[in-house]
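From a predicted model like this one, the values you see are computed outputs, not experimental measurements. Positions are given from 1, in the same order as the sequence printed here. Below, all heavy atoms of this structure are taken into account, side chains as well, without hydrogens, waters or symmetry copies.
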Amino acid sequence: MDDLGEPSETCQMCETQTIRYVHYMTHPDYEEVLGVGCVCAEHMEENYTAPKERENQLRQKAPRLTKWMKRKWRRSAKGNAYINHMGFNIVLYWSPKGWAYRLTNRETNETRSYGGFRTEDRAKRSSFDCFEEMRSQSTHR
């Protein structure tokens, strides 16, 4: 699923609704993955609660992402941007393949690294998604 920030795309199933939250779905009559709105997602998966739940989770995530992107990142001795947040250490750095980040759960020492982002902001956004996933996993253990 994606949040486009505002209603700006047409549902690829009904081709009438302008959508903000895009559910990516497959359908036997179409070769490629379709970007559809909530109602069409409900019909396609024949589930009238799951698409709404996914969309609500994404709506709740949007303000946290905005805050994450505006957060003041500190500079390490090596000159890399970093933050310590909710028991996680997140470091952004430049690599030969582009911007990258390393995210470490300080309690479990689990570390994930991803790179190849064209901009620092894209690396920050991806680090947020990774943080949300790792935080969710650590609270469900």
Side-chain angles (χ1 to χ4, degrees), residues 1-28 30-141:
M1 263 195 83
D2 277 337
D3 177 358
L4 303 175
E6 61 184 34
S8 59
E9 222 173 84
T10 302
C11 172
Q12 293 179 325
M13 190 68 194
C14 69
E15 297 181 335
T16 58
Q17 289 290 29
T18 302
I19 57 176
R20 171 180 175 166
Y21 298 98
V22 183
H23 300 253
Y24 294 102
M25 310 288 291
T26 58
H27 190 278
Y30 297 88
E31 287 183 23
E32 55 285 323
V33 174
L34 300 174
V36 305
C38 188
V39 173
C40 286
E42 290 172 349
H43 292 295
M44 289 176 76
E45 64 184 276
E46 296 179 358
N47 183 326
Y48 297 92
T49 58
K52 282 186 182 97
E53 288 173 12
R54 285 194 304 265
E55 202 163 290
N56 283 336
Q57 288 175 351
L58 196 55
R59 285 178 201 268
Q60 292 169 2
K61 185 178 177 180
R64 293 193 308 273
L65 173 60
T66 299
K67 188 175 179 181
W68 184 272
M69 295 303 290
K70 291 179 180 178
R71 181 176 293 279
K72 176 82 171 138
W73 292 65
R74 300 172 71 192
R75 289 281 164 198
S76 71
K78 293 182 179 181
N80 298 321
Y82 77 94
I83 56 173
N84 294 311
H85 183 63
M86 297 179 73
F88 289 83
N89 172 256
I90 304 96
V91 180
L92 297 171
Y93 57 94
W94 178 255
S95 75
K97 294 182 180 179
W99 284 98
Y101 66 89
R102 184 189 70 242
L103 198 144
T104 304
N105 181 330
R106 297 169 102 182
E107 184 179 310
T108 65
N109 281 331
E110 177 185 0
T111 299
R112 296 187 189 171
S113 297
Y114 298 96
F117 300 97
R118 289 186 303 190
T119 67
E120 187 176 18
D121 276 353
R122 287 189 184 198
K124 279 183 185 179
R125 183 183 173 97
S126 181
S127 73
F128 171 77
D129 292 335
C130 186
F131 165 76
E132 290 272 306
E133 180 185 328
M134 287 179 71
R135 186 173 66 99
S136 173
Q137 289 173 354
S138 68
T139 59
H140 289 99
R141 289 183 182 160

Spacing of [X] atom [atom1] and [Y] atom [atom2] [to the nearest 0.5 Å]:
{"X": "Ser127", "Y": "Phe117", "atom1": "OG", "atom2": "CZ", "answer": "8.5 Å"}
{"X": "Asn84", "Y": "Arg106", "atom1": "CG", "atom2": "CZ", "answer": "4.0 Å"}
{"X": "Thr104", "Y": "Asn89", "atom1": "OG1", "atom2": "CG", "answer": "5.5 Å"}
{"X": "Leu65", "Y": "Lys70", "atom1": "CG", "atom2": "NZ", "answer": "10.5 Å"}
{"X": "Tyr21", "Y": "Asn56", "atom1": "OH", "atom2": "CG", "answer": "9.0 Å"}
{"X": "Leu92", "Y": "Asn80", "atom1": "CG", "atom2": "CG", "answer": "8.5 Å"}

If you define the side chain from C-beta out and look only at heavy atoms, does anything of [X] sit under 4.5 Å from [Y]?
{"X": "Met86", "Y": "Phe131", "result": "yes"}
{"X": "Asp2", "Y": "Tyr24", "result": "yes"}
{"X": "Ser126", "Y": "Tyr101", "result": "yes"}
{"X": "Val36", "Y": "His43", "result": "no"}
{"X": "Glu9", "Y": "Val22", "result": "yes"}
{"X": "His85", "Y": "Trp68", "result": "yes"}
{"X": "Met13", "Y": "Tyr30", "result": "yes"}
{"X": "Asp121", "Y": "Lys124", "result": "yes"}

Open item on the list: Between Asn109 and Thr111, do the side chains contain a donor N or O and an acceptor N or O under 3.5 Å apart?
Closed with: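 Judged by distance alone, the side chains do not pair up.
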
Task: Neighbour count >12 (heavy atoms, 6.0 Å) for atom CZ, Arg75 - done: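 Result for CZ/Arg75: enclosed.
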
TODO: Take atom CZ of Arg20 as the centre, draw a 6.0 Å sphere, and report whether it contains more than 12 heavy atoms from other residues, nucleotides or ligands.
DONE: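 Atom CZ in Arg20 is packed in, count exceeds 12.
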
Open item on the list: Pair Lys61, Asp129 - check side chain to side chain contact (heavy atoms under 4.5 Å, CB included), show working.
Closed with: CA-CA 10 Å; Lys61 185 178 177 180; Asp129 292 335; 3.0 Å; yes

Nearest non-hydrogen partners of [X] and [Y], listed with the distance:
{"X": "Arg102", "Y": "Tyr93", "answer": "N-CE2, 3.9 Å"}
{"X": "Arg122", "Y": "Arg118", "answer": "NH1-NH2, 2.6 Å"}
{"X": "Trp99", "Y": "Ala123", "answer": "CB-CB, 3.9 Å"}
{"X": "Thr26", "Y": "Met44", "answer": "O-CE, 3.6 Å"}
{"X": "His23", "Y": "Gly37", "answer": "CD2-C, 3.8 Å"}
{"X": "Cys40", "Y": "Cys11", "answer": "SG-SG, 3.6 Å"}

- [ ] In sequence, state the C-alpha distance, the side-chain angles, and the governing distance for Lys52 and Glu55, and then conclude on salt bridge (Lys or Arg N to Asp or Glu O under 4.0 Å).
- [x] CA-CA 5 Å; Lys52 282 186 182 97; Glu55 202 163 290; over 6 Å; no

- [ ] Using a strict cut-off of less than 4.0 Å between a Lys/Arg side-chain nitrogen and an Asp/Glu carboxylate oxygen, indicate whether Arg59 and Asp3 qualify as a salt bridge.
- [x]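 Looking at Arg59 and Asp3, the cut-off is not met.
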
TODO: Quick one: do Leu34 and His27 satisfy side chain to side chain contact (heavy atoms under 4.5 Å, CB included)? Show the steps, please.
DONE: CA-CA 8 Å; Leu34 300 174; His27 190 278; 4.3 Å; yes

